[in-house]
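So the structure is just underneath, and the comments pick up after that.
Note that ligands are numbered from 1 as they come in the structure, with each ligand's atoms numbered from 1 the same way. All values below were derived from every heavy atom in this structure, side-chain atoms included, with hydrogens, water molecules and symmetry-related copies excluded.
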Amino acid sequence: MKIGILGGGQLGFMTILRGTYMGLEFNVLDKSFDISASKTGAKIFTFENYKQFYNESDIITFEFEHIPLEIVEYVKDKLRPSFEVFYLKQERIREKDFLKKNNFPVAKFYKADNGNQAIEIIKENNFIPCVIKTSRLGYDGKGQFYIKSFEDLKEVENLNEKLIIEEFIDFQMEISTIVARNEKDIKVFPISENFHKDGILIYNITPANISEKLKRKVEEIAIELSKAMNLIGILAIEFFVYNDDVLINEIAPRPHNTGHWTLDGCITSQFEQFLRAILNIPLGETQLIKPTLMINLIDIQKPKLEEILKIKNAYFYWYFKERKTRRKMGHINILLDNIEEYKEIINCFKIFR
Ligand code: AMP
């Protein structure tokens, strides 16, 4: 079985490493050969060779949303999750509209065609504080503007693209889960608590310290959402906990950074589950092995292995990417005997941020 992956970043890289153990083979389509997946046994194709990539793959999936739509359309009969799911996720506006239309809880939002229109809407509705996000190409805090006063609106004046204007949520915490679904099965992963800085995930801890009631609600939303999307694959869902209830912030129908902890902390990893889901074979169990801390290594040189692995139950992952400001270069998972240990460990890791 040859699986084609659109995108060859770290999510594809880790999927391929796991899948290779399972006897699967991979093709990857990306802009260039200089990607994490080039360190695996996958055959790499660049965008211009997408027809050959299609012909040589039995099924096709994606690990990244920013792939030219013409290519995704061309491969759509082999695509899992479906073209519709990809299309939904390619623009924030489509994603938010879908969630709202299907009665999933989201923060109040407006849509605008450009910066000036956004400014008018905000003034008319006195919608401050708010967060303005570009509908396309935003991730890890890119394309986001926090508007705390009318003064801040200057920042978006010149934006000439579709925007979404979201209510600023003064959340109690951020949490997430991953749901896997195929024609045979649905399984939800344990819930993580996520800590972001400037829109980028710094670390997460699983399980999240939330009530049983909220946990059930999150699981229920995850299952219902996977059904509403007719998902064959996995879906990461990020939530704000607000007024002791939840609002969906964002969804991603593929492996996700918030699920990296599953590589060591869970019976089945998100990467294996992703493959099982798109192959329509039985899903793995999702029990937690031990409380797990995942720390992103952002914008750093590769640390010395012995520095990391001297920590008890630490597991190190490196993505072979060129170092750039705010870029995720790798991560560490640490399995804990006692969940409270994470606070102390995080303090020691300040040097990596
Ligand atoms: P996003 O790329 O939309 O997931 O946003 C990245 C991070 O920015 C979130 O995880 C939050 O920490 C923060 N953020 C995004 N939208 C909002 C919002 N409407 N209110 C408050 N914080 C937000």
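- Atoms of ligand 1 lying under 4.0 Å from at least one heavy atom of V131, given by number and element, are 17 (C), 18 (C), 19 (N), 20 (N).
- Contacts of N249 with ligand 1, taken as heavy-atom pairs under 4.0 Å, involve the side chain alone.
- Counting atoms of ligand 1 from 1 in the listed order, those under 4.0 Å from a heavy atom of F168 are 20 (N), 21 (C).
- Remark: among candidates E95, K133, E167, the nearest residue to atom 19 (N) of ligand 1 is E167, based on non-hydrogen atoms.
- More than 12 heavy atoms of other shown residues, nucleotides or ligands fall within 6.0 angstrom of atom CD in Q287.
- The shortest distance between side-chain heavy atoms of F316 and L305 falls below 4.5 Å.
- Each of the atoms 18 (C), 20 (N), 21 (C) of ligand 1 lies under 4.0 Å from some heavy atom of I169.
- Relative to the ring axis of Y319, K328 does not place its NZ or CZ within 45° and under 6.0 Å from the centre.
- Only the side chain of Y146 comes within 4.0 Å of ligand 1, judged by heavy-atom distances.
- Note: Y342 and Y203 have tilted aromatic rings, judged against thresholds of 30 and 60 degrees for the angle between ring planes.
- Heavy-atom contacts of G199 reach the following atoms of ligand 1: 6 (C), 7 (C), 8 (O) (cutoff under 4.0 Å).
- Considering each of K197, E238, E174, the one bringing a non-hydrogen atom nearest atom 10 (O) of ligand 1 is E174.
- A salt bridge between K43 and E56 is present, with a side-chain N of the basic residue lying under 4.0 Å from a carboxylate O of the acidic one.
- Of all atoms in ligand 1, numbered sequentially from 1 with element shown, those under 4.0 Å from a heavy atom of E166 are 16 (N), 18 (C), 19 (N).
- Both tests pass for R94 against the ring of Y87: distance under 6.0 Å to the centre and angle within 45° of the axis.
- When each of R326, R323, R327 is paired with D299, the salt bridge (Lys or Arg N to Asp or Glu O under 4.0 Å) condition holds for R323 and for no other.
- Counting atoms of ligand 1 from 1 in the listed order, those under 4.0 Å from a heavy atom of Q144 are 1 (P), 2 (O), 3 (O), 5 (O), 6 (C), 8 (O).
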